[in-house]
Amino acid sequence: MRIVILGAPGSGKGTQAKLLVEQLGVPHISTGALLRNAAKRGTELGLQAKSITDRGELVPDEIMSDMIEERLGRDDVSEGFILDGYPRNLGQAKSLDLMLERLGKPVEEAILIEVDPEQIVKRIAKRAKEEDRSDDTATTVRNRMRVYAEQTAPVASYYGERGLLTRVLGDGSMEEVSQRILSVLNTSAASA
Ligand code: B4P
């Protein structure tokens, strides 16, 4: 299955993508994780991206599109993938469509995880204590939420207009949310 997971920062995209990998056996591709790894390795691109993610802004589309094209070109995506964090604006959504069209492997399902903003603030505050993510400070999180509302939220409508979007309630335990997503995927697989 070729799945895109959408949602605000802290909505549980990465968490749910990891759980889905266990069920579907296709790779989890997180652009946030790719960027953090590049920064940890100290590559020029990674360090350049870190100064942007630390402000809560989006890394330029050309960088992201090269990164995702290289990743989607690898053999392990032949049976599908779970994309987490990409596309994050309409330009990225269109360039992903072109890329996948060339590969003959279009997106089959977009899942939007919806969580109450108050829950999101609590989750990110908890993660800030547990993990050392330099983009989880209060000021950066506010900016990430603003960027999400302005640039990423329209991506859900983009997939909605193509009949590919399902909204899933992201409140409740991680397992409950995972079950909701799996039942959406089972339903669409059954009707395919
Ligand atoms: P991401 O790594 O995608 O960060 P995120 O939006 O916070 O999602 P994440 O997956 O980490 O968190 P999750 O919701 O799973 O991006 C980081 C930055 O990289 C971006 O701000 C941007 O600057 C840059 N970037 C990434 N992709 C880009 C692109 N395509 N273009 C440009 N720039 C890009 O989980 C959050 C917390 O909630 C966790 O601690 C988790 O344990 C907890 N949680 C999850 N589900 C829960 C539940 N049901 N109950 C309780 N807690 C839960």
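All residue numbers refer to positions in the sequence shown, counting from 1. Hydrogens, waters and symmetry mates are skipped; everything else that's a heavy atom, side chains included, is used. As the structure lists them, so they are numbered: ligands from 1, and atoms in each ligand from 1. Since the structure is predicted, the reported quantities are computational estimates derived from the model, not experimental observations.
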Name the residues in contact with ligand 1, where contact means a heavy atom under 4.0 Å away: which are they?
Pro9, Gly10, Ser11, Gly12, Lys13, Gly14, Thr15, Thr31, Gly32, Leu35, Arg36, Thr53, Glu57, Leu58, Val59, Met64, Gly85, Tyr86, Arg88, Gln92, Arg123, Arg127, Arg133, Asp135, Arg144, Gly172, Ser173, Met174

Would you please say whether a donor-acceptor pair under 3.5 Å links the side chains of [X] and [Y]?
X      : Y      : answer
Tyr158 : Asn89  : no
Thr53  : Asp135 : no
Asp171 : Gln119 : no

Contacts of type side chain to side chain contact (heavy atoms under 4.5 Å, CB included), residue Val26, not counting sequence neighbours:
Leu24, Glu79, Ile82

Give every donor-acceptor pair under 3.5 Å between a side-chain atom in residues 102-112 and any protein atom, sequence neighbours left out.
residue: Arg102; atom: NH2; partner: Glu69; partner atom: OE2; Å: 3.0
residue: Lys105; atom: NZ; partner: Ser78; partner atom: O; Å: 3.4
residue: Glu108; atom: OE1; partner: Arg2; partner atom: N; Å: 2.8
residue: Glu109; atom: OE1; partner: Ser188; partner atom: OG; Å: 2.8
residue: Glu109; atom: OE2; partner: Thr166; partner atom: OG1; Å: 3.3

All pairs passing salt bridge (Lys or Arg N to Asp or Glu O under 4.0 Å) where residues 82-94 contributes a residue, at least two apart:
none

